[in-house]
There are 2 protein chains.
Amino acid sequence: MDINQIAQMAGVSRATVSRYFNDGYVSQEKRAAIKRVIDKTGYVPSRQAKVLRTGKTDIVGVIIPKINSASVSRMVSGITPVLNDAGYQVLLANTDNDAAREVEFMRLFSERRQVDGVILVATIFTPAHLAALKELNTPLVVLDQSLSGYSCVYQDDYEAVRELTGQVLATAKAPAYIGVLEEDVSAGEMRHRGFLDACRECGVEVPEDAQELAEFTVDSGYSCAEAIMQARPHTDAIVCATDSIAFGALTYLHEHGLRVPEDVQVTGVGDSELAQVVTPRLTTVHHHYKTSGQEAAKMLLGTMSGDDTVARTVKMAYEIVRRASTR
Amino acid sequence: MDINQIAQMAGVSRATVSRYFNDGYVSQEKRAAIKRVIDKTGYVPSRQAKVLRTGKTDIVGVIIPKINSASVSRMVSGITPVLNDAGYQVLLANTDNDAAREVEFMRLFSERRQVDGVILVATIFTPAHLAALKELNTPLVVLDQSLSGYSCVYQDDYEAVRELTGQVLATAKAPAYIGVLEEDVSAGEMRHRGFLDACRECGVEVPEDAQELAEFTVDSGYSCAEAIMQARPHTDAIVCATDSIAFGALTYLHEHGLRVPEDVQVTGVGDSELAQVVTPRLTTVHHHYKTSGQEAAKMLLGTMSGDDTVARTVKMAYEIVRRASTR
DNA sequence: TTGTAAGCGTTATCAA
DNA sequence: TTGATAACGCTTACAA
């Protein structure tokens with residue numbers, strides 16, 4: 001069932017049928033005739049052929065570091081409806097935290113105009129990333145990290161952790177920090193700097209080795225908390241770079257008879273659903289992930305339509321959610 | 001940069017270049033000449049044109065009910081590598097638990113051969129679903145539900161909850177159950193029946209109204225637990241259809257001074273990451289979600305290659321994970 | 001082993 | 001307002 005058959009059945013040329021679907025530059029009678037045939041046959045134009053001819057895919061590729069992450073899923077749930085409403089399909093490419101695959105996907109998407117635009121939910125930027133980004137011939141928005149020269153939407157991690165730490169230090173004297181790799185500028189470097197600067201401002205001296213390095217997992221948070229409490233048993237607050245890490249810390253403290261928040265205060269970042277479930281409920285930073293996804297999608301829409309050619313940078317606001325794990 | 005230019009630069013016909021990429025029916029010299037040109041130009045064949053010509057998209061559509069779900073993400077992480085290794089891209093379509101969108105996506109995918117195959121991570125089957133499935137002219141595997149006449153991979157929910165309940169009843173006399181909608185056969189009906197049959201076998205009488213109906217959320221678990229404990233304060237075990245529900249129940253019990261497992265035992269299903277974090281750690285059913293995803297992907301691969309035309313049904317094994325929330 | 005030529009199903013240009 | 005006609009970039013008989 002192709003456009004030729006429809007044209008023949010409706011007694012018009014295939015160009016007219018094409019117009020029926022696109023410009024709409026068709027007389028009433030022909031329009032009616034064509035409509036009748038389409039209703040009867042259930043004809044739907046071939047997307048592939050259209051893509052080949054027009055060079056537009058109506059697909060946006062979203063590259064995500066992992067699928068099972070509260071923050072990522074919130075961003076995606078912000079992105080999807082905005083793009084769908086604008087007539088785009090969303091192709092999710094999951095890299096499972098593999099930087100090489102991330103680069104691969106960028107190449108794949110751009111090389112042959114697989115997609116009309118890309119949203120990169122970023123973590124780290126290797127030289128390979130930068131190179132791939134430079135060669136990208138497709139509209140792009142970077143989400144969750146800031147990268148100069150590109151349109152970005154990201155969270156104010158520095159300020160958030162700085163403020164949160166400041167609040168904790170009102171009642172704590174010996175804080176420790178569990179962070180993630182500094183290559184991840186947002187979650188690693190910025191949050192850590194927020195912690196350090198807050199300590200400095202409060203006149204709290206932070207030992208050189210005060211940072212433990214964790215993965216983004218609960219288990220990892222557990223072992224880091226263990227390392228901290230064994231090295232410095234008088235620690236009275238643990239600021240964690242993510243909620244997951246904080247959950248691990250909470251578990252360690254609980255199992256070792258340390259009370260939260262009386263003996264040790266604990267904080268996370270992310271305000272995941274779990275944060276309200278653990279005992280005690282976790283004080284954390286609420287990031288507007290979903291909204292940032294919407295924002296990124298809108299920006300991309302602007303770039304794709306060509307209206308909006310100049311790169312911009314959006315830093316999202318945050319909220320501190322005080323719960324029972326701090327005093 | 002198209003195949004014609006490459007052909008010209010290499011001094012061969014475009015058919016030979018095409019063969020270079022496909023059959024490989026090319027002499028050594030020409031092959032070398034073509035390779036040289038390709039290396040120099042970085043030429044990559046247009047996927048769109050190839051699709052148009054061959055009718056193969058090399059894309060598999062995976063329809064998922066929600067992105068932020070532990071079980072779904074595990075299934076997807078099983079599916080993706082299997083399909084990628086076989087040369088397929090995975091297009092994730094998120095329906096956000098909207099049955100109508102689920103049907104829409106099935107139509108979209110099948111109508112114009114957008115994809116070579118579909119994996120449907122199913123929850124419920126409405127008449128609209130059944131109709132759309134019937135019209136689907138694309139290889140399909142149903143994941144996480146059983147549906148006769150179609151290839152399926154699903155979890156043994158009945159047996160799992162039956163066995164788990166049996167264990168709980170060794171030390172409990174007044175069990176209650178928090179379930180989800182029975183329209184969801186796997187998570188709703190099967191788990192509930194497992195609970196009821198186990199009670200029957202142990203000679204425990206279950207009041208008619210012993211089931212509370214919850215959403216798949218923590219909050220919902222909280223209110224159902226509340227309803228149960230108010231209606232039947234002597235309840236000494238709450239079997240929950242999902243981990244999330246169990247977390248809510250745990251929170252309610254904790255806040256109301258009831259000890260778990262001494263006063264009330266609690267169980268979930270799913271063995272999500274959270275299950276090891278909450279206090280006390282949750283006894284639950286471990287389903288092999290990731291493996292079931294792999295299995296479904298392999299089945300689809302078989303159907304798509306045409307080898308494997310007869311529908312099959314795979315029921316996965318499970319494990320009961322006993323932790324601190326039961327005795 | 002290679003080249004020629006005929007499509008795949010559209011849209012865009014142009015003249016009518 | 002319409003219809004021929006020429007692309008879009010590739011694969012695949014078929015013939016050489």
Side-chain angles (χ1 to χ4, degrees), chain A residues 1-38 41-59 87 89 108-116 137-138, chain B residues 1-38 41-59 87 89 108-116 137-138:
Chain A
M1 185 63 40
D2 70 359
I3 199 174
N4 290 302
Q5 304 185 41
I6 304 299
Q8 195 174 7
M9 293 171 75
V12 301
S13 77
R14 78 158 165 275
T16 305
V17 178
S18 176
R19 280 188 211 101
Y20 173 91
F21 282 108
N22 301 289
D23 327 51
Y25 215 60
V26 182
S27 68
Q28 285 307 320
E29 312 147 41
K30 308 246 168 184
R31 177 174 301 278
I34 293 171
K35 181 168 180 357
R36 209 173 310 124
V37 175
I38 287 171
T41 58
Y43 165 78
V44 182
S46 155
R47 163 167 288 205
Q48 304 302 349
K50 181 169 181 163
V51 165
L52 179 62
R53 178 62 225 226
T54 60
K56 278 211 52 170
T57 61
D58 290 340
I59 294 180
Q89 268 190 77
L108 181 67
F109 281 160
S110 77
E111 253 162 4
R112 274 314 192 150
R113 298 231 151 52
Q114 289 270 29
V115 298
D116 292 345
N137 52 10
T138 283
Chain B
M1 183 66 38
D2 71 357
I3 199 173
N4 291 302
Q5 303 184 42
I6 303 299
Q8 196 175 4
M9 294 172 74
V12 300
S13 76
R14 76 157 165 279
T16 305
V17 178
S18 175
R19 282 189 207 100
Y20 173 92
F21 282 108
N22 301 290
D23 329 53
Y25 215 58
V26 182
S27 67
Q28 284 306 321
E29 312 146 42
K30 308 245 170 187
R31 177 175 301 277
I34 294 172
K35 181 170 181 354
R36 209 171 310 124
V37 175
I38 287 172
T41 57
Y43 165 77
V44 182
S46 153
R47 163 167 290 202
Q48 303 302 348
K50 181 171 182 163
V51 165
L52 180 60
R53 178 62 224 231
T54 61
K56 277 212 54 174
T57 62
D58 290 340
I59 294 180
Q89 270 190 78
L108 181 67
F109 280 160
S110 76
E111 252 163 5
R112 273 313 192 148
R113 297 229 151 53
Q114 290 269 30
V115 298
D116 292 345
N137 53 9
T138 284

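In what follows, every chain begins at residue 1, and chains take the letters A, B, ... in the order their sequences are listed.
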Is there a donor N/O on one and an acceptor N/O on the other, under 3.5 Å, for the side chain of R47(A) and the base of dG9(C)? no
Out of dT2(C), dT12(D), dT2(D), which nucleotide sits closest to the side chain of S18(B)? dT12(D)
Comparing A49(B) with R19(B), nearest DNA chain D nucleotide closer to 5' gives the residue A49(B)
Whole angstroms only, please: what is the CE-P distance between M1(B) and dC8(D)? 14 Å
For L52(B) and dT11(C), give me the distance from atom CG to atom P, rounded to whole Å. 12 Å
In whole angstroms, the gap separating P of dT11(C) from NZ of K56(A) amounts to 13 Å
When you get a sec, tell me which of dT11(D), dG3(C), dC10(D) is the closest nucleotide to the side chain of N22(B)? dT11(D)
Nucleotide dT1(D), atom P - distance to CD of E29(A) in whole Å: 11 Å
Can you find an N or O donor on one side and an acceptor on the other, under 3.5 Å apart, linking the side chain of R53(B) with the base of dT11(D)? yes
Would you please confirm or rule out a distance under 4.0 Å between OP1 or OP2 of dG3(C) and any side-chain N or O of K30(B)? yes
From CZ of R14(A) across to C1' of dT1(D) the rounded distance in Å is 18 Å
Could you check whether V51(A) gets within reach of a base, just the sugar-phosphate, or nothing at all, counting any heavy atom under 4.0 Å? nothing
Ignoring backbone atoms, establish whether S46(A) has a side-chain N or O less than 4.0 Å from OP1 or OP2 of dG9(C). no
Base, sugar-phosphate or nothing for D23(B)? Non-hydrogen atoms, less than 4.0 Å. nothing
Test your reading of the model: is there a side-chain donor-acceptor pair from R31(B) to the backbone of G24(B), 3.5 Å cut-off? yes
Give one of base, sugar-phosphate or nothing for N4(B), where a contact means two heavy atoms less than 4.0 Å apart. nothing
Nearest-angstrom distance from the residue atom CD of Q28(A) to P of dT2(D): 10 Å
Does dC8(D) have its OP1 or OP2 closer than 4.0 Å to a side-chain nitrogen or oxygen of T54(A)? no
Calculate the interatomic distance between Y25(A) atom OH and dG3(D) atom P; express it in whole Å. 15 Å
Does a nitrogen or oxygen in the side chain of T16(B) sit under 4.0 Å from OP1 or OP2 of dT1(C)? no
